[in-house]
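Both backbone and side-chain heavy atoms feed into the values below; hydrogens, waters and symmetry mates do not. Order of the sequence lines sets the chain letters (A, B, ...), proteins ahead of strands, with each chain counted from 1. Note that the coordinates shown come from a computational prediction; the quantities given were computed from them, not determined experimentally.
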Number of protein chains: 2
Amino acid sequence: MSADSLRNSTIPVRIATPMPELSPGAGNLVRLKTACSHCHLREVCLPVGLSREQITQLEQIVYTRRRLKKGETLYRAGDPFRSLYAIRSGFFKARAATPDGRDQVTGFQMAGELIGMDGISHDLHTCDSIALEDSEVCVVPFNMLEDLSIQAPALGHHFHKVMSREIVREHGVMLLLGSMRAEERLAAFLLNLSQRLAARGFSATEFVLRMTREEIGSHLGLKLETVSRAFSKFQDDGMITVKQKHVQILEMDRLRRLLSNGSRNLHE
Amino acid sequence: MSADSLRNSTIPVRIATPMPELSPGAGNLVRLKTACSHCHLREVCLPVGLSREQITQLEQIVYTRRRLKKGETLYRAGDPFRSLYAIRSGFFKARAATPDGRDQVTGFQMAGELIGMDGISHDLHTCDSIALEDSEVCVVPFNMLEDLSIQAPALGHHFHKVMSREIVREHGVMLLLGSMRAEERLAAFLLNLSQRLAARGFSATEFVLRMTREEIGSHLGLKLETVSRAFSKFQDDGMITVKQKHVQILEMDRLRRLLSNGSRNLHE
DNA sequence: GCATCGGGTTGATGCAGATCAGAAACCACC
DNA sequence: GGTGGTTTCTGATCTGCATCAACCCGATGC
């Protein structure tokens with residue numbers, strides 16, 4: 001795969017299934033008979049495990065989409081919470097901030113992932129969600145999702161799993177932030193990205209980062225210079241090639257070993 | 001309040017409402033007609049926002065309790081997930097581990113809090129939960145909770161809020177781990193503990209830590225020596241008094257300011 | 001009484017990563 | 001093709017916390 005074909009997307013094209021183009025209405029909200037049942041993400045998104053009939057019900061409530069240009073904000077902390085968003089295409093970062101202005105990227109989200117769950121607790125969003133490339137989300141009104149979950153318990157159950165998975169993911173980030181050294185953090189980050197891309201059918205070894213070194217650093221609790229140095233180190237060691245945002249993993253195993261040997265490095 | 005009266009509980013006694021003593025059956029599982037409706041934690045636990053009738057329904061499914069001695073494990077990573085647990089009394093730590101043996105305390109939980117939600121995603125628990133003092137939990141079978149949520153949507157909605165609150169809490173820990181210096185972390189920890197105790201009607205300024213310096217350190221991404229030094233520093237500065245596990249906050253405001261000035265200290 | 005042990009404190013030293021600084025690469029736009 | 005702004009890289013220096021080590025304190029047991 002050429003570097004050129006990667007330039008405009010984190011996600012290398014898998015099979016060239018041209019998506020039906022939408023004629024956007026006024027603004028960036030699109031009303032249309034969305035078909036979860038035909039969406040290529042149905043195996044990774046909300047419909048997982050639902051019957052055909054239940055998916056049809058889901059389509060009843062997921063009837064708007066929203067398009068965002070790179071850099072646009074999907075929601076920000078303090079916004080009233082009404083909907084969750086299923087990412088249809090593109091790439092997002094979530095950013096949380098302390099009252100005194102410190103902030104941190106709490107995660108990066110890609111197609112098929114459900115975001116906005118931070119807002120449920122207080123009916124207000126508690127973090128920002130920002131598109132890192134031109135993106136499209138399906139709007140899932142939360143009260144409708146709850147109502148539908150009563151009629152389709154499988155949906156409710158799946159939703160609980162999605163929330164729980166977010167909690168578990170955050171445990172992983174806490175472990176990373178609390179106990180790993182810089183290179184281990186970057187290795188964990190790259191492996192995680194690779195694995196999630198692979199789960200969507202894309203190359204596990206070659207991809208384009210949509211975020212800056214600074215955003216990676218913010219997520220990993222490092223300064224951008226440290227991230228940059230770690231990238232260079234990995235490249236010098238022959239584990240990866242990096243050319244700006246284009247990353248190729250040459251020796252996945254060594255990356256993994258770097259992680260699993262971490263505790264030995266530290267403790268004895 | 002004397003130090004003596006605090007020795008055996010993190011939570012200073014509020015009003016001396018003697019709890020009905022249970023005669024434990026065989027083992028540590030107790031079957032009894034639990035009365036959420038009479039529990040002194042009903043304002044802070046699962047029943048929040050439920051009607052009298054709905055609470056009665058909840059009592060139908062919460063019919064066992066489990067007692068744990070200090071140091072006992074409620075569940076561990078890999079255990080099959082069947083139930084959530086509402087803490088009736090006592091104090092717990094949650095601990096997550098990486099495949100290679102690093103671990104971290106992901107949080108401390110006290111009476112009225114619901115734990116075990118990490119297990120929903122894969123039907124297996126993904127972290128350990130360990131009692132830090134003699135404790136008692138109400139067992140909430142998860143499939144029954146889901147079933148009941150269908151009949152009592154307010155319960156389901158509240159449960160979603162509880163899960164979301166856990167996600168938001170973890171964002172806060174990520175911010176702490178990713179961007180705060182040692183003393184700020186400890187200040188944030190103490191303020192958080194204080195605020196949660198106050199929410200339960202206990203003193204916000206005087207309490208007994210149930211965890212060791214090492215456990216605090218593990219949670220905050222610090223070594224125990226650093227935690228100890230920060231405690232000493234706070235005491236030397238006159239913000240708190242520390243005597244072993246007994247902590248008294250003398251100047252809450254200065255603790256808070258230490259936090260809110262943090263970003264200034266760092267960035268300019 | 002004394003010995004033991006886990007938890008806590010305090011001091012001395014080392015190092016990973018932050019900070020500061022400058023240059024190069026890249027991009028968007030005229 | 002030039003220009004200004006952003007992003008990335010690399011080197012030099014600084015520093016906060018980890019690490020190593022010694023000692024103290026309170027609880028428990030004999």
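Counting non-hydrogen atoms of other residues, nucleotides and ligands closer than 6.0 Å to CD of E225(B) gives a total above 12.
OP1 or OP2 of dT9(C) has at least one side-chain nitrogen or oxygen of S228(B) nearer than 4.0 Å. At least one side-chain nitrogen or oxygen of S232(B) sits closer than 4.0 Å to the OP1 or OP2 atom of dT10(C). Not one side-chain nitrogen or oxygen of T212(B) sits closer than 4.0 Å to the OP1 or OP2 atom of dG7(C).
Rounded to an integer number of Å, the gap from R213(B) CZ to dG8(C) P is 5 Å. The interatomic distance linking L224(A) (CG) with dA21(C) (P) rounds to 15 Å, in whole Å. Distance E214(B) CD to dT19(D) P: 12 Å, rounded to the nearest Å. Rounded to whole angstrom, the span from the CD atom of E215(A) across to the P atom of dT7(D) amounts to 8 Å. Protein atom CZ of F234(A) is 13 Å distant from nucleotide atom P of dC9(D), rounded to whole Å. Rounded to whole angstrom, the span from the CD1 atom of I216(A) across to the C1' atom of dT8(D) amounts to 11 Å. Atom NZ in K70(A) sits roughly 13 Å away from atom P in dT6(D) (whole-Å rounding). Taking atom CG on L222(A) and atom C1' on dT19(C), their separation rounds to 14 Å, with Å as the unit.
Nearer to the 5' terminus of DNA chain C, by closest-nucleotide assignment, is the contact made by T226(A) (compared with the other of K243(A) and T226(A)).
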(request) Test E206(A) against I249(A) for side chain to side chain contact (heavy atoms under 4.5 Å, CB included), laying out the working first. (result) CA-CA 6 Å; E206(A) 195 174 2; I249(A) 299 179; over 6 Å; no
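The nearest pair of heavy atoms linking R185(A) to L177(A) is NH2-O, 3.3 Å.
For the pair L224(A)/T212(A), no side-chain contact is recorded, criterion being any heavy-atom separation below 4.5 Å from C-beta on.
One can find a donor-acceptor pair under 3.5 Å joining the base of dG11(D) and the side-chain atoms of R229(A).
Taking every side-chain heavy atom of Q244(B) into account, dG8(C) is the closest of dT8(D), dG8(C), dT19(D).
Salt bridge status for K70(A) with D134(A): absent, with no side-chain N to carboxylate O gap under 4.0 Å.
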